[in-house]
Structures are given as C-alpha cells and as structure tokens.
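Remarks on the structure that follows.
Order of the sequence lines fixes the chain letters, A, B, ..., with proteins taken first and strands second; residue numbering starts at 1 for each chain.
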Protein chains: 2
Amino acid sequence: MITVELIEKYGAIKKTFDKNDLVFEEGNLPLNYYQIISGEIKMSNYNDDGREFIQGIFYSGQSFGEPPLFLNQKYPANAIAVENAEIFILPKENFMKLLEENPKVSIKIIENLAQRLYYKSVMAAEISTQEPEHRVLKLIDHGIAYFNFQKDQNGYLINFTRQQIGDLTGLRVETVIRTIKTLEKKGELKIINRKVYR
Amino acid sequence: MITVELIEKYGAIKKTFDKNDLVFEEGNLPLNYYQIISGEIKMSNYNDDGREFIQGIFYSGQSFGEPPLFLNQKYPANAIAVENAEIFILPKENFMKLLEENPKVSIKIIENLAQRLYYKSVMAAEISTQEPEHRVLKLIDHGIAYFNFQKDQNGYLINFTRQQIGDLTGLRVETVIRTIKTLEKKGELKIINRKVYR
DNA sequence: TGCATTTTATGATTAAAATCATAAAACAAG
DNA sequence: CTTGTTTTATGATTTTAATCATAAAATGCA
C-alpha cells in the first residue's frame, strides 16, 4: 500500500509478532497505522459463548484497522497473527501527516477501503439470506479473486481450513464439512486428499 | 459530504426520484457519484426467492454507491428511493477531477467509507454469531448514533418498520415482532402504540 | 520418533427461527 | 368515507443448521 521508502521516511518502525500474538484488541482506542511486511493477520470477534467471527484475513503488503483510526472509535474486533508476521507500525500523527503531504496516498487508502466495503457488502447479503452452499461458494469465489489462492493443475487451491470457512461465513464447522462434500458431489469443486480445489 | 457550491462547480445536476424509483441497479457499472439533497435512499439485495437484505439506509447530505465507482466494479446491490428524493448526480470524470483538485474532500470520503465499514463490521459479527435479541438491540443502538432517530419524552423513536429491522438484521418479520415484544418485557425498550422507543 | 493438537469426518438429536396461516389495526389514496 | 394496502400480531408446524458425541487422519513439535 504505502511504499517502504515513504512509510519509513515518516518514522514507521518494524515489529515482529509470533503466531497467535495479539496486534490490537477489541475495545481499545487506535494509536497506529498497521501495514504487513510479511505473514498473515486475521481480524475477528468472539461472541459471549466464545464463537468466533472472522472479519477478514490480511496478507503481506496490506494494511488493516484503519476505520477506527480515522473515526477515533474503539476497535470493533481483535487483530491476531495467524502465523509469524512482521508489521510496519506508524503512529497516528505521523500517518496523518503523511496523508496530508501525499494526497495520492489518500486515493490508495480510499481504494483499499472501497475494496473491503465491497467484500463486506457481498458477504453480509450472503450470510443473512443465502443457504450454506451459496455462502461457501461465494466466499471461495471471492477468495480466488482477492485472497492469495494459488492455481495448479487441479484448479485454485482454497487454503482455508473448514473452520476458517465457517468463521468467515457464520456456519459451524460440521456444516461446512457437509456442505463442501455436497458441493463436490454437484461438481462445483474438487476434494483431493482433503484439500479443496475450485 | 461535498458542499453544494463545490459539487455544482464541477457540474453536478439535480435529479428527483419518486418513491420506489430505482437510482441504480445491481450488476450495472457505476457512472456517477450520488449525494442526497433530500429524501431517503436504501441499498438492498434480493436473493433467489425474493428475500431482501438492506445494506444501508441513507439520508439527506449523505453519499452512496462510491465503492464500486472507485473499483470499476459492478454494483453489488440496488439503490431505491424509500420516499421522494432529490439527488446530486456527478459524472465519474468530474468527480475524480474534483477529488484531485481538492485533497481535503478525499479525507471526507475516507471518513465516510470508514464509518460505513465500521457499521458493516459490527453488523456482520452480529448477524453471524448473535441471537435475535442481541442483533436487534445492536441495530437499534447503532441507529440511535448514526441514523437520524429523534428523541422525545419516551426516549429515542426507532422509526423503522419491523420489516426493515428484519431486512437489516437477516431476521424474518415475525421473529422481529416477537423479539421486540420480549425486549419490551425485559425492559430494554418501550412499545407505545406500536412504535418502538429506546 | 512419539505424543499432543488440530483438522476432517459422520451419525443422531435438538433447538430455534422460518414458514404457514390467518386476522386485526393502522394508514394511504381516491 | 370507503377501500385497498401495509404493518403489526399470534398460534401451529416444519425445516434446517446447530449441537452433541465420537473418532480417524493429519500435522506440529519436543
């Protein structure tokens, strides 16, 4: 998103996070802009009985957690490292200064927020009105376009666990397992030693 | 929100829409920036068996439909006038020119997108993991802060129909009616001749 | 290499919201 | 004022995904 040169010029520091480390926590006020150098970060909520909902998964080069930063509101979700990660951390004031002095970065931020809003619009409609098969397929097809799924001779490898698919679509893991099997029977996707291809 | 002076300077035209008129349709490519002068617009989807999901409701002064405009993607939902409305329509090229030449407007757009992303994050988590009472209350409390609910001696008047609440939370109208009654019994809200107060 | 944990899997049962049916009250339009 | 439509309401029934229980396979790591 923001080039290494520019973000470092404004005083960003690099920080490493181990797997399962918390980057920030639901309810806290935002102090920084975060941009992933390497690794994988998920943003998620837990309801009262511990059930998780994954808001999104972010990869190298992507930023996350900006909306509350712009609004001075508390984080609505947690950010957790799914695997070891290295992240640029830029204090809010420096970030705002960077934006002011580099109007083109604003456009990048807008495009990024627009992309995420688009994803949320599509998935919100899916989750609230569509049945499991439709939801899972939509998530997978979105993932092919916007998450970093790799294509090989079997098609696109959907490298999410059944649990992750459930946490992204609001379904329980058993339902996802059964749904994926049904979708395979219908020829919508392939299962090759437990991995899902589309 | 772009000032009347500025938006007109860049060639926006005013257009009126009657109740139930379509402003744009799901699947079409965006050509314009839209900003409401007066009236009320809803963005919503219909699933295969006609069930509606309302993405958001927008009021005077607010803009809508920008994400696909920035991304050159098809609209993921329809925009429909809930009541007679007047809207500024600014062609994409003019809008982009306006943004380039007025960097402060970019910040406004960012804040607006951030706000909508925040709402979607909160509601997505609600819809996928919370039970009806929790969902309905969350929507109402969000509405008090961000939709234009009026306060009187009974509290905030939630001027949504039960059907609208259902379409915003992914619940059926009968479920909303029963849920609201339960919430009243629990003292979370008031029902005064069928109107809901909080 | 062995052991603990995670992931995938499947069957049986349950619970909760959707669906179906029906109607009264409120509101809007002519 | 009358009539048609929308909104709110309630009871009975059904459906579907969640839950519960259990286990094999795969993976991670000490």
Under the 3.5 Å rule, do the base of dT14(D) and the side chain of Arg172(B) count as making a donor-acceptor pair?
no
Spell out yes or no: do the side chain of Arg51(A) and the base of dT19(D) have one donor N/O and one acceptor N/O closer than 3.5 Å?
no
OP1 or OP2 of dT10(D) less than 4.0 angstrom from a side-chain nitrogen or oxygen of Lys181(B), does that happen here?
yes
Phosphate-side-chain proximity, Arg194(A) and dT7(C), N/O vs OP1/OP2 below 4.0 Å
no
Hey, can you tell me if Tyr33(B) and Phe95(B) have their rings parallel, tilted or perpendicular (30° and 60° cut-offs)?
parallel
Aromatic plane relationship, Tyr119(A) with His142(A) - under 30° parallel, 30 to 60° tilted, over 60° perpendicular:
tilted
Here the pair of heavy atoms bringing Ala81(B) nearest to Asp18(B) is CB-O, 3.4 Å
Can you confirm whether more than 12 heavy atoms, excluding those of Lys92(A), are under 6.0 Å from its NZ atom?
yes
Go through the side-chain N and O atoms of Glu66(A) and Tyr34(A) and say whether any donor and acceptor fall under 3.5 Å apart.
no
Using the closest heavy atom to pick a nucleotide of DNA chain D for each, name whichever of Arg162(B) or Gly170(A) lands nearer the 5' end.
Arg162(B)
Assign each of Lys195(A) and Glu131(A) the nucleotide of DNA chain D bearing its closest heavy atom; nearer the 5' end lies the nucleotide of Glu131(A)
Heavy atoms from C-beta onward define the side chain here; which of dC20(C), dT27(D), dA18(C) lies closest to that of Glu174(B)?
dC20(C)
Given Watson-Crick and G-U pairs under 3.5 Å, DNA chain D in dot-bracket ([ ] crossing, | other strand) is ||||||||||||||||||||||||||||||
